[in-house]
Amino acid sequence: MSPSPPDPPRRGRASSASGASGSSPSGSSRSGPGASGSPSSGSSSSGSGSDGFPVSRTVCYVWYVLLLVLGALVGAAGALVQAAWLPAGLLLALLATGGLFYGGLRATGTQAGVVAAGVGWLVAVVLLSFGRPEGDGVFGGGVGELLFLFGGMGVAVMCATLSRLPRPTR
């Protein structure tokens, strides 16, 4: 009897049965996620970019740090803008926040991109909400500030729970 052909490559997360052996469908050993060089090698989603090609861990960490810093910048800018131009500024701040979170999702291909941007955003907003002993503070405690805080968190949750679009076949 001839040996059966290898299983076709899988999309998305590798199951425990195929990921436990440490070998790719072609039989070669891999040292890390996506190291086989094949765009659809069945590697876990943390080792693949948004287009399905393997991405090194260093590049992923750079993306996460960049998104963390961008989250802090968008949070600080949004805190200032929403207070300056209340109805339009609040909408602009929430749109920028949503763009950042959705961009983090698409850039990294995982929800960890949204989490990295969200952590930076939340840290900036919480630090700016603390007042100084003199009584100065960015947030005055009005409705706009609460809508910005809870609206931003809601947008982060929505972006993190978006279903992933199917990747195009190449």
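Fair warning: this is a prediction, and the values are worked out from it, not measured in the lab.
- Note that the CG atom of L128 and the CD atom of E145 stand 11.5 Å from one another [nearest 0.5 Å].
- Residue T97 comes nearest to G152 through the heavy atom pair CG2-CA, 4.2 Å, listed as atom of the first residue, atom of the second, then distance.
- Through direct or relayed side-chain contacts under 4.5 Å between Ile, Leu, Val, Met, Phe, Trp and Tyr, V65 connects to no other residue.
- Distance CG/L92 to CD/Q82: 11.0 Å, rounded to 0.5 Å.
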Q: Could you give me the CA-CA distance, side-chain angles and deciding distance for L67 and T108, then say whether side-chain contact (heavy atoms from CB on, under 4.5 Å) is met?
A: CA-CA 10 Å; L67 286 168; T108 61; 3.9 Å; yes
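- Separating the CH2 atom in W121 from the CE atom in M153 is a distance of 6.0 Å, to the nearest 0.5 Å.
- Residue V69 shares its hydrophobic cluster (ILVMFWY side chains chained together at separations under 4.5 Å) with L73.
- When every heavy atom of G144 is checked against every heavy atom of L90, the shortest pair comes out as O-CD1, 3.7 Å.
- Taking CZ of F148 as the start and OG of S129 as the end, the distance is 11.0 Å to the nearest 0.5 Å.
- Considering every non-hydrogen atom in both A76 and A124, the closest pair reads N-CB, 4.1 Å.
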Q | side-chain contact (heavy atoms from CB on, under 4.5 Å) assessment of L147 paired with F150 | A | CA-CA 5 Å; L147 286 175; F150 291 125; over 6 Å; no
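- Put simply, L122 and V81 are part of two different groups of oily side chains (I, L, V, M, F, W, Y) that touch within less than 4.5 Å, one to the next.
- Going from atom CG of L95 over to atom OH of Y102 covers 14.5 Å, rounded to the nearest 0.5 Å.
- To the nearest 0.5 Å, atoms CG (L105) and OG1 (T161) are separated by 9.5 Å.
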